[in-house]
Structures are given as structure tokens and as C-alpha cells.
Amino acid sequence: GDSVTQMEGPVTLSEEAFLTINCTYTATGYPSLFWYVQYPGEGLQLLLKATKADDKGSNKGFEATYRKETTSFHLEKGSVQVSDSAVYFCALIAAAGNKLTFGGGTRVLVKP
Amino acid sequence: ETGVTQTPRHLVMGMTNKKSLKCEQHLGHNAMYWYKQSAKKPLELMFVYNFKEQTENNSVPSRFSPECPNSSHLFLHLHTLQPEDSALYLCASSPGTERPNYGYTFGSGTRLTVV
């Protein structure tokens with residue numbers, strides 16, 4: 001079946017550091033890929049997405065590129081802020097499907 | 001405003017109480033979902049509704065009873081819960097199979113504490 005694997009946290013960084021969260025997936029065909037973010041006490045918000053190979057999703061300084069050859073969708077941000085402290089979820093929807101499959105989530109803590 | 005509204009935001013209930021969680025979406029979506037998020041556990045998909053019809057029930061105990069009267073509203077009726085049911089309950093909606101690449105839109109959740 002479809003699955004998403006992302007690095008376990010917590011990831012602790014200093015402000016202005018570079019952030020990478022690894023995400024790999026298993027799915028047949030060409031799934032759509034998503035990153036969701038959950039701030040403390042809130043629900044999940046869509047951060048960015050990519051729907052075909054080599055597409056780059058970007059939002060709020062975050063980027064992720066759909067890599068079919070490595071089945072990956074790593075999330076990056078060049079300079080994090082304290083306000084980026086949250087839990088980040090990688091997810092996919094398989095081709096011709098509508099079920100959103102989540103990774104386990106990665107907690108990120110940015111210290112001033 | 002996310003387009004998906006959940007009420008109440010917080011709920012404390014005794015094990016013998018009956019309560020309901022409400023979810024409302026104004027996005028014109030055709031599918032709605034209930035998720036459970038417990039500490040240190042992955043997100044658990046509980047129920048799926050497409051065009052008001054339940055299409056998925058992931059072995060959820062009968063003390064959780066969903067209701068979807070129309071495509072815009074989703075309820076989760078709770079009765080005789082256990083302390084381990086304490087969690088954040090998230091509602092989501094999506095366009096469904098019409099636009100599968102759209103993704104889901106989530107509400108802010110209801111934080112449930114069973115005492």
C-alpha cells in the first residue's frame with residue numbers, strides 16, 4: 001500500500017539556520033505530494049504541494065521538489081524563524097485516488 | 001478562517017456523558033473526514049463521507065457515531081467514552097474525486113478530555 005516516511009524529530013535549530021526535513025514515499029504511479037504544518041494548538045494547514053515530477057512547491061520561504069527518481073519530497077527553508085516552530089507532516093494522494101496518506105510528522109523547535 | 005469550522009474548540013466530558021462535535025465547511029467540497037490525533041501517535045483516519053454517504057470506517061468503536069446530514073455538515077456523536085479517547089479530533093474536507101490533487105482542508109480541531 002501507499003506509505004510516507006519522514007525523519008523523526010524533534011529537530012532543534014537556532015534562528016536563521018537552514019532547515020531540511022526528509023520525506024520519502026511509496027506509491028504506484030504518480031501521486032500528488034503535500035506538506036502540512038500544525039502550529040501549537042491548531043489544526044493542519046496546507047503549506048505547499050506538487051502534483052507531478054520535478055514540480056517545486058513553495059510557500060512562506062519553504063520549498064520542496066517532487067523527485068520521482070528518488071521518491072522524495074524533502075522540505076527546506078533557508079533561514080528559519082521562531083514562528084516556524086511547529087509539527088510538519090508530509091503526505092500523498094495516490095494517482096486516481098482521494099485518500100490522503102500521512103507520514104508520522106516531524107516536530108521542529110526554533111530557538112532565538 | 002480556514003473554511004472548515006469546528007465547535008467546540010475544547011470539551012471536557014465524563015465517561016457517562018453524551019456530547020457531539022460539529023464540523024461545518026463552506027468550500028463546496030463533497031467529501032468530509034474525521035481524524036483522531038493522540039499524543040505520540042500518528043494521525044488516525046476515523047471516518048470518510050462522500051456526498052453524505054459513509055464510505056470508510058476504520059474499525060472505530062461504536063461509542064463514536066458519525067452523522068453527515070448534508071455535504072456541508074459533519075457531526076461526531078460521543079457516548080460512554082474512555083479516558084484513552086482523550087485527543088484532538090480534526091475534521092477535514094476535500095473536493096473528492098473531482099479534484100483529487102487539491103488536498104484536504106482541515107479545521108482547528110476539538111480538544112477532547114474524558115475524565
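Fair warning: this is a prediction, and the values are worked out from it, not measured in the lab.
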Kindly indicate, with the supporting measurements, whether the criterion side-chain contact (heavy atoms from CB on, under 4.5 Å) is fulfilled by B:L45 and A:F102. CA-CA 10 Å; B:L45 178 62; A:F102 284 98; over 6 Å; no
Does a sphere of radius 6.0 Å around OH in A:Y39 hold more than 12 heavy atoms from other residues, nucleotides or ligands, not counting ones at 6.0 Å or beyond? yes
Does B:L74 share a hydrophobic cluster with B:L27, counting links as ILVMFWY side-chain heavy atoms below 4.5 Å and allowing steps through other members? no
Relative to chain A, which of B:P42, B:G103, B:G109 shows the most heavy atom pairs under 4.5 Å? B:G103
Can a cation-pi geometry be assigned to A:K99 and B:Y33, taking NZ or CZ under 6.0 Å from the six-membered ring centre and within 45° of the ring axis? no
Can you see which heavy atom on B:N101 is nearest to which on A:S32, and at what distance? OD1-OG, 2.6 Å
So which atom in B:R9 and which in A:G41 form the shortest heavy-atom distance, rounded to 0.1 Å? NH2-O, 3.1 Å
Honestly, the part of A:L44 sitting under 4.5 Å from a heavy atom of chain B is both
Segment of B:S94 engaging chain A (4.5 angstrom heavy-atom cut-off): side chain
Any side-chain heavy atom of A:Q38 within less than 4.5 Å of one from B:L88? yes
Taking atom CD as the centre, does A:E16 end up with more than 12 heavy-atom neighbours from other residues, nucleotides or ligands that are less than 6.0 angstrom away? no
Nearest 0.5 Å please: distance from the CG atom of A:N98 over to the CD atom of B:E56. 10.5 Å
What heavy-atom pair brings B:Y35 and A:L100 nearest, and what distance separates the two atoms? OH-O, 3.8 Å
Over all atoms of both residues, closest heavy-atom pair of B:L43 and A:F89: CD1-CE2, 4.0 Å
Look at the side-chain heavy atoms of Ile, Leu, Val, Met, Phe, Trp and Tyr, link any pair under 4.5 Å apart, and say whether A:V4 and A:I93 land in one connected group. no
In terms of hydrophobic clusters joined by side-chain contacts under 4.5 Å, are A:V87 and A:V108 together? no
Report, as yes or no, whether the 6.0 Å neighbourhood of atom CD on A:E8 holds more than 12 heavy atoms from other residues, nucleotides or ligands. no
Could you tell me whether the side chain of A:Y36 and the main chain of B:Y104 form a donor-acceptor pair under 3.5 Å? yes
Report whether A:L109 and A:L13 are members of the same hydrophobic cluster (ILVMFWY, side-chain heavy atoms less than 4.5 Å apart, transitive linking). no
A:K68 atom NZ, over 12 foreign heavy atoms within 6.0 Å: yes
